[in-house]
Amino acid sequence: MKYYSTNGKAAVADFREATINGQPSDKGLYFPDSIPAVSPQWLNDIRSKSQEEIAFDVIRPYIGGTIPDAELFSIVSETVSFKFPLAKVDDHVFALELFHGPTLAFKDVGARFMSRCLGHFAKGIERKITVLVATSGDTGGAVADGFFNVEGVEVVILYPSGKVSAVQEKQLTTYGRNIRAIEINGTFDDCQKLVKTAFADAELNKNLFLTSANSINVARWLPQQFYYFFAYQQWTADSTLPVISVPSGNFGNLCAGLLAFRSGLPVRHFIAACNANNVVPRYLDTGKYAPAKAVATLSNAMDVGDPSNFIRMLEIFDHKFGDVKTHVSGISISDEETKAAIRSVYSRSGYLLDPHGAVAYEALDRYMKSNHETNGILLETAHPVKFFDAVEPLIDQSVSLPERVTRIMNLPKHAVKLDPSDDLLKEFLLNSVPVQL
Ligand SMILES: *Cc1c(COP(=O)(O)O)cnc(C)c1O
């Protein structure tokens, strides 16, 4: 298996090079040169397989021999070492819960898989690898947890001061060792700009082996296919396949589902569920892609105005707009509708959605009604407790903190505070050493 760049200029790469580089030099995205097919027999037998076996079989062709099978099996086993239950929300709607990992968000799977792959590849490199990442909240925690104690890899996380939730901040700043957090006096956009400038800085790149851990990295993107196979494994309303609704921001998750579908996984239809940031739903309506400035919403992990994985959605369907439209519908949900969905689902069935899952629920409900569909699955991408300040007033009740959250809430925060200056960040990267907590 080789990966080409969607911009067509950079050299093809194997999985190892694509993981280490993150992005091809021509600023396209890596894309597999063929999509492996799963056999009908394998799908038929899926209920007798373990999560680890499913994950291993799905990802193995994409690795193209760059990681030995035994090592790969232990990497996927650690990646999916928690449950992905399909929970009943009401008679016809189920939630695939992707929040049972260490940081309570679905990004744990991609971050755990990528960190272990990079750790494996770092053994063949003499220099330490420095992962530099900007976060608006969920990515940083998943990356910190995934990379904690991975040998040969240092992690530096930039986050905007005062703009991440209390739980998220603790998830970024309490690890220590090879994980360092920088609190930037600015916005998420400032953090992202600083990271971009650092990647382009010749002196920094001469002194450090820099790479990124954002969602365009194939090692974070590809393992997200597992969710869809796990959903299929648990699906028992056998005669009708489910419509799957995916709360989307940068569209890595949805594109992973579409890739699984192109590999032969049976899915009736996909919904790109968006908040007010509706660039993709508008594209699906009009055929025109018009990036926009992101607006702030309740489901803030989806506040993206120019989704970085959009190009992969086209690539999956060979740039045939008709085919994209046949398999994907885009639906945009307002904050008011999101709140109403959290409230009404909770009062009807006792199931508590987080704001991202609520966007997916509402979009699914709307689609099922207007298309007379009978069964649906929404991907619940975060535990509601991560957004308790938004959720609690809607249900008039407090959400209890899981044990792993109360534990970190009591740990001291360790972060270096910096103004958004390229020079200050450079000085930090060149001179500071990791702290031992
Ligand atoms: C990152 C995130 C999303 C968006 O996922 P994409 O793959 O970027 O589309 C949705 N929900 C939550 C909770 C997230 O953290």
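When reading the values below, keep in mind they use all heavy atoms of this one structure, side chains included, and skip hydrogens, waters and symmetry mates.
Between K417 and I182 the shortest side-chain heavy-atom distance does not fall below 4.5 Å. At least one side-chain heavy atom of R180 sits under 4.5 Å from a side-chain heavy atom of E154. Looking at L29 and Y4, their side chains never come closer than 4.5 Å, going by heavy atoms from C-beta outward. By the 4.5 Å heavy-atom criterion applied to side chains, R177 and N149 are counted as neighbours. The shortest distance between side-chain heavy atoms of M302 and P247 falls below 4.5 Å. Side-chain atoms of V156 and T130, non-hydrogen and from C-beta on, do get closer than 4.5 Å to each other. At least one side-chain heavy atom of L284 sits less than 4.5 Å from a side-chain heavy atom of V324. Residues F270 and V243 fail the side-chain proximity criterion, which asks for heavy atoms closer than 4.5 Å.
Within the structure, every pair that satisfies the ring-ring contact (aromatic ring centres under 6.0 Å, His included) test and touches residues 129-153, not counting sequence neighbours, is listed here: F148-Y175. Residue pairs meeting the side-chain hydrogen bond (donor to acceptor under 3.5 Å, both in side chains) criterion with at least one partner in residues 379-400, sequence neighbours excluded, are D138-K386, Q171-K386, Y346-Q397. Sorted pairs that involve residues 279-291 and meet salt bridge (Lys or Arg N to Asp or Glu O under 4.0 Å), not counting sequence neighbours, are lacking altogether.
If you take CG on N253 and OG on S248, they are separated by 6.5 Å, rounding to the nearest 0.5 Å. The structure places CE of M1 at 6.5 Å from CG of D33, a figure rounded to the nearest 0.5 Å. With values rounded to the nearest 0.5 angstrom, F226 atom CZ is found 10.0 Å from D57 atom CG.
A donor-acceptor contact shorter than 3.5 Å is absent between the side chain of N21 and the backbone of Q23. In this structure, D26 contributes its side chain and K9 its backbone to a donor-acceptor pair below 3.5 Å. With N207 contributing its side chain and E203 its backbone, the two residues share a donor-acceptor pair below 3.5 Å. Checking side-chain atoms of R262 against main-chain N and O of I35 turns up no donor-acceptor pair under 3.5 Å. Using modelled atom types, no side-chain atom of S161 and backbone atom of N185 make a donor-acceptor pair closer than 3.5 Å. In this structure, the side chain of S299 does not engage the main chain of H356 through any donor-acceptor pair within 3.5 Å. Listed for the D190 side chain is no donor-acceptor partner under 3.5 Å among the backbone atoms of P420. Between the side chain of D108 and the backbone N or O of T103 there is at least one donor-acceptor pair closer than 3.5 Å. Side-chain atoms of E71 never come within 3.5 Å of backbone atoms of P68 as a donor-acceptor pair (strictly under, hydrogens ignored). The backbone N or O of I216 sits less than 3.5 Å from a side-chain atom of R312, completing a donor-acceptor pair.
In terms of heavy-atom proximity, P307 sits nearest to G305 at CD-C, 3.9 Å. Nearest heavy atom pair, residue S245 against residue A273, reads OG-CB, 3.7 Å. Of all heavy-atom pairs spanning T211 and T19, the tightest one is OG1-O, 4.3 Å. Shown here for I333 and V359, the closest heavy-atom pair between the two residues is CG1-O, 3.7 Å. Shown here for L172 and G141, the closest heavy-atom pair between the two residues is CD2-N, 3.4 Å. Heavy atoms only, all atoms of each residue included: G28 and N7 are closest at N-ND2, 3.3 Å.
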Taking it one step at a time, do Y361 and V93 satisfy side chain to side chain contact (heavy atoms under 4.5 Å, CB included)?
CA-CA 8 Å; Y361 176 89; V93 175; 4.0 Å; yes
Using the rule given for side chain to side chain contact (heavy atoms under 4.5 Å, CB included), can you reason through V328 versus L254, listing the C-alpha separation, both sets of side-chain angles and the distance that settles it, and then say yes or no?
CA-CA 10 Å; V328 188; L254 178 65; 4.2 Å; yes
In sequence, state the C-alpha distance, the side-chain angles, and the governing distance for S421 and D423, and then conclude on side chain to side chain donor-acceptor pair (under 3.5 Å).
CA-CA 5 Å; S421 140; D423 290 339; 5.1 Å; no
Apply side chain to side chain contact (heavy atoms under 4.5 Å, CB included) to the pair V131 and L118, showing each step before the final yes or no.
CA-CA 10 Å; V131 169; L118 203 58; 3.8 Å; yes
Run the numbers on Y283 and N278 for side chain to side chain donor-acceptor pair (under 3.5 Å), then give the verdict.
CA-CA 9 Å; Y283 163 78; N278 64 352; over 6 Å; no
Take Y3 and F31 through the side chain to side chain contact (heavy atoms under 4.5 Å, CB included) test and state the conclusion after the steps.
CA-CA 5 Å; Y3 296 81; F31 197 86; 5.9 Å; no
Using the side chain to side chain donor-acceptor pair (under 3.5 Å) rule, take N275 and D303 through it: C-alpha gap first, then chi angles, then the decisive distance, then the call.
CA-CA 8 Å; N275 56 31; D303 295 347; 3.0 Å; yes
Worked check of ring pair (Phe, Tyr, Trp, His ring centres under 6.0 Å) between Y289 and F310
CA-CA 9 Å; Y289 182 71; F310 174 71; 4.0 Å; yes
Steps toward side chain to side chain donor-acceptor pair (under 3.5 Å) verdict (E337, S334):
CA-CA 5 Å; E337 292 167 322; S334 71; 3.2 Å; yes
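Y62 is linked by a side-chain hydrogen bond (donor to acceptor under 3.5 Å, both in side chains) to nothing, counting only residues two or more places apart in sequence or in another chain. Scanning for side-chain contact (heavy atoms from CB on, under 4.5 Å) contacts around A415 gives Y159, T173, A181, E183, K413, with sequence neighbours left out. For N205, the side-chain contact (heavy atoms from CB on, under 4.5 Å) partners are L210, not counting sequence neighbours. Every residue two or more places apart in sequence or in another chain that forms a salt bridge (Lys or Arg N to Asp or Glu O under 4.0 Å) with D201 is listed here: K426. Residues forming a salt bridge (Lys or Arg N to Asp or Glu O under 4.0 Å) with D90 (at least two apart in sequence, or on another chain): R348. With sequence neighbours left out, Y351 forms a side-chain hydrogen bond (donor to acceptor under 3.5 Å, both in side chains) with E97. Judged as a side-chain contact (heavy atoms from CB on, under 4.5 Å), and not counting sequence neighbours, the contacts of S25 are A10. Looking at residues two or more places apart in sequence or on another chain, you find a side-chain contact (heavy atoms from CB on, under 4.5 Å) between S329 and H269, Y367.
Of the charged side-chain nitrogens involved, at least one lies within less than 4.0 Å of a carboxylate oxygen, so that K339 and E336 count as a salt-bridged pair.
Ring centroids of W221 and Y30 are separated by 6.0 Å or more, keeping the two rings apart.
Looking at V391, V167, L104 one by one, the single match for side-chain contact (heavy atoms from CB on, under 4.5 Å) with V385 turns out to be L104.
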Pairs of donor and acceptor atoms involving the side chains of residues 80-89, under 3.5 Å and at least two apart or interchain, shall be tabulated with distances.
from	atom 1	to	atom 2	distance (Å)
S81	OG	E78	O	3.2
S81	OG	R112	NH2	3.1

